[in-house]
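As the structure lists them, so they are numbered: ligands from 1, and atoms in each ligand from 1.
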Amino acid sequence: MAVARKIHEFMEQGSWIRKMFEEGIALKQQFGEDNVFDLSLGNPIMEPPPQFFEELRRIANSSETGMHRYMPNAGYPDARAAVAAGLAQETGMSFTGDHVVLTCGAGGALNVIMKTLLDPGDEVVIFAPYFVEYMFYADNQGGTCRVAPTDENWLPDLDALATAITPKTSIVLVNSPNNPTGVVYSAEILAGIGEVIRAKEAEFGTEISLVSDEPYRKLLFDGAEYPQIFPHHPRSIVATSHSKDLALPGERIGMIAVSPDYPDGEDVVDGLTFCNRTLGFVNAPALMQHIIGRLQDVTIDVGEYESSRDFLYSALTDIGYSVVRPDGAFYMFPRSPIEDDVAFVDQLKQHRVLVVPGAGFGMPGHFRISFCVSEATLQGSLEGFRQAFNATSD
Ligand SMILES: Cc1ncc(COP(=O)(O)O)c(C=O)c1O
């Protein structure tokens with residue numbers, strides 16, 4: 001067997017979204033593209049904003065030499081400084097380019113962070129439901145994940161967090177706005193997480209980093225401001241990207257920001273830069289670095305996602321679904337009307353509606369809807385949601 005047993009097992013565990021994707025293709029071939037309502041993927045259907053294309057043209061027409069060569073592994077100093085300037089303005093903290101490492105997306109950023117911080121066997125505490133890749137990223141870098149539960153609103157349970165932290169915990173990983181629930185962690189919750197971490201650091205004599213995975217940071221609804229993690233723990237690190245806020249997931253441009261208050265932060269940035277190199281990323285794509293430094297104030301039209309949230313939330317709750325109203329991102333995580341989420345997702349599929357079972361996010365009994373789809377797809381899905389729900393009470 002060429003593929004390692006562990007990878008075979010991981011492929012099975014992490015296959016839900018791909019499975020729905022493949023089933024979607026088969027259904028579309030059978031019923032036609034317009035008659036299948038695919039709400040399974042987190043791939044934004046929006047195009048990047050016009051400013052992105054202006055910058056792309058500017059770069060394409062530039063005759064500056066060396067623009068496509070290797071650069072320092074952390075990225076071009078001007079691009080890092082531009083990211084830092086935005087963070088300094090937003091947080092009031094003294095960020096400079098030296099606190100920023102540019103990466104291949106948030107996924108690349110998380111791998112680099114884990115590689116830098118984890119000793120073999122170290123633990124990463126994550127909250128369920130979770131983005132399933134965390135398990136694989138931790139394994140890539142020699143660690144394991146320990147899962148802490150959340151409450152009925154998908155917010156961290158601080159007592160459970162305290163129980164989940166052990167002497168082997170190196171990272172507590174949060175994700176807000178959250179995939180798959182769309183909930184946003186308030187400043188109070190982040191402050192509570194910081195307090196628990198420091199109490200545990202004191203109890204065990206260890207150092208624990210609070211890592212925030214925030215590719216949906218700018219996708220916030222109702223005019224809300226983003227609660228930053230930096231004020232809540234000195235050892236805090238952000239991993240993010242422009243995959244969602246500039247609709248550039250295929251371009252693989254992301255970044256890491258280390259708190260200016262991080263003890264020995266310079267050493268950490270050196271470690272991150274080294275791991276960006278030795279993991280084989282080498283550096284974030286040069287072309288994107290030239291562009292995103294000038295787009296730090298630009299975001300896709302979040303209003304479109306907010307309208308979709310409003311439309312879908314009200315339609316689903318009218319039908320009778322129980323769902324926590326998302327405050328950001330483009331996901332919803334309703335309760336399955338029957339206990340077996342996989343069976344219910346199958347029923348939805350009979351009505352040509354594709355979603356992902358909660359089992360794929362470590363939280364059976366629910367399912368994830370991704371509403372970054374066209375209005376027609378959203379509207380078209382409602383009849384299927386209604387019929388599948390009603391069939392459960394027959
Ligand atoms: C919670 C979460 N983290 C990280 C990522 C990875 O994003 P990127 O495309 O920036 O690697 C995603 C992508 O969907 C995500 O949902």
Side-chain angles (χ1 to χ4, degrees), residues 14 16-18 20-21 39-46 48 52 75 83 100-115 124-138 140-141 145 147 150 154 156 171-185 211-220 226 229 237-257 276 279-281 283-285 288-289 291-292 295 299-300 305 326-333 355-356 358 360-363 368-373:
W16 278 112
I17 294 178
R18 207 191 63 207
M20 300 316 295
F21 180 65
L39 309 174
S40 67
L41 291 178
N43 203 0
I45 55 147
M46 273 185 212
F52 169 77
V83 170
V100 173
V101 176
L102 300 179
T103 62
C104 297
L110 289 166
N111 273 281
V112 167
I113 293 168
M114 290 184 191
K115 183 76 178 174
V124 180
V125 174
I126 59 174
F127 295 95
Y130 49 78
F131 180 53
V132 74
E133 309 298 84
Y134 294 155
M135 296 281 184
F136 310 133
Y137 295 168
N140 287 345
Q141 313 313 337
C145 285
V147 181
T150 50
W154 307 126
I171 293 172
V172 172
L173 177 56
V174 294
N175 167 223
S176 160
N178 185 267
N179 176 8
T181 65
V183 305
V184 176
Y185 294 1
V211 175
S212 177
D213 174 29
E214 43 193 66
Y216 304 95
R217 179 167 79 93
K218 294 189 181 169
L219 308 192
L220 286 181
Y226 187 64
I229 61 152
I237 303 180
V238 160
T240 187
S241 73
H242 291 303
S243 291
K244 318 289 171 163
D245 62 25
L246 291 176
L248 296 174
E251 302 298 349
R252 314 308 304 137
I253 181 70
M255 63 270 310
I256 300 170
N276 207 26
L279 280 171
F281 296 121
N283 54 253
M288 289 301 122
Q289 292 193 44
I291 290 176
I292 58 100
L295 297 180
T299 306
I300 46 93
Y305 289 139
D327 291 321
F330 40 58
Y331 304 110
M332 253 180 230
F333 201 59
V355 297
V356 185
F361 303 91
M363 185 60 69
R368 188 193 75 172
I369 299 175
S370 176
F371 55 83
C372 56
V373 295

- Tyr331 side chain vs Pro326 backbone, donor-acceptor pair below 3.5 Å: no
- Task: Just jot down the ligand 1 atoms closer than 4.0 angstrom to any heavy atom of Pro215, in number order.
- Result: 2 (C), 3 (N), 4 (C)
- Task: May I ask you to decide if Ser40's main-chain N or O and Ser370's side chain share a donor-acceptor pair within less than 3.5 Å?
- Result: no
- Query: What residues, two or more places apart in sequence or in another chain, satisfy ring-ring contact (aromatic ring centres under 6.0 Å, His included) together with Phe330?
  - Reply: Tyr216, Tyr305
- Closest to atom 2 (C) of ligand 1 (judged by heavy-atom distance), picking from Asp213, Asn179, Asn175: Asp213
- Message: Can a donor-acceptor pair be found, under 3.5 Å and without considering hydrogens, that links the side chain of Gln289 to the backbone of Ala284?
- Response: yes
- Task: Provide, to 0.1 Å, the distance between atom 11 (O) of ligand 1 and the closest protein heavy atom, together with that atom's residue and name.
- Result: Arg252 NH2, 2.7 Å
- Answer yes or no: does an N/O atom from Lys244 fall short of 3.5 Å to an N/O atom of ligand 1? yes
- Any N or O on Gly105 sitting closer than 3.5 Å to an N or O of ligand 1? no
- Message: Out of all atoms in ligand 1, which are within 4.0 Å of some heavy atom of Gly107? Include the element for each.
- Response: 6 (C), 8 (P), 11 (O)
- Interfacing atoms of ligand 1 (cut-off 4.0 Å, heavy-atom, Ser243): 8 (P), 9 (O), 10 (O)
- Task: Would you please name every residue forming a side-chain contact (heavy atoms from CB on, under 4.5 Å) with Cys145, sequence neighbours left out?
- Result: Val124, Ile126, Tyr134, Met135, Ala138
- Query: Closest non-hydrogen protein atom to atom 16 (O) of ligand 1, residue and atom name please, with distance?
  - Reply: Tyr216 OH, 2.6 Å
- Message: Given 3.5 Å as the limit, does a donor-acceptor pair link the side chain of Thr103 with the main chain of Met255, or not?
- Response: yes
- Item | Nearest non-hydrogen partners of Asp327 and Val184, listed with the distance | CB-CG2, 3.7 Å
- Taking atom 12 (C) of ligand 1 as the reference point, the nearest protein heavy atom with its distance: Phe131 CZ, 3.4 Å
- Please determine if Tyr137 has a nitrogen or oxygen closer than 3.5 Å to a nitrogen or oxygen of ligand 1. no
- Query: Counting from 1, what ligand 1 atoms have a heavy atom of Ser241 closer than 4.0 Å?
  - Reply: 10 (O)
- Would you check the N or O atoms of Ala106, main chain and side chain alike, for any that come under 3.5 Å of an N or O of ligand 1? yes
- Distance-only, no hydrogens or angles: does the Asn111 side chain make a donor-acceptor pair with backbone N or O of Gly108 under 3.5 Å? no
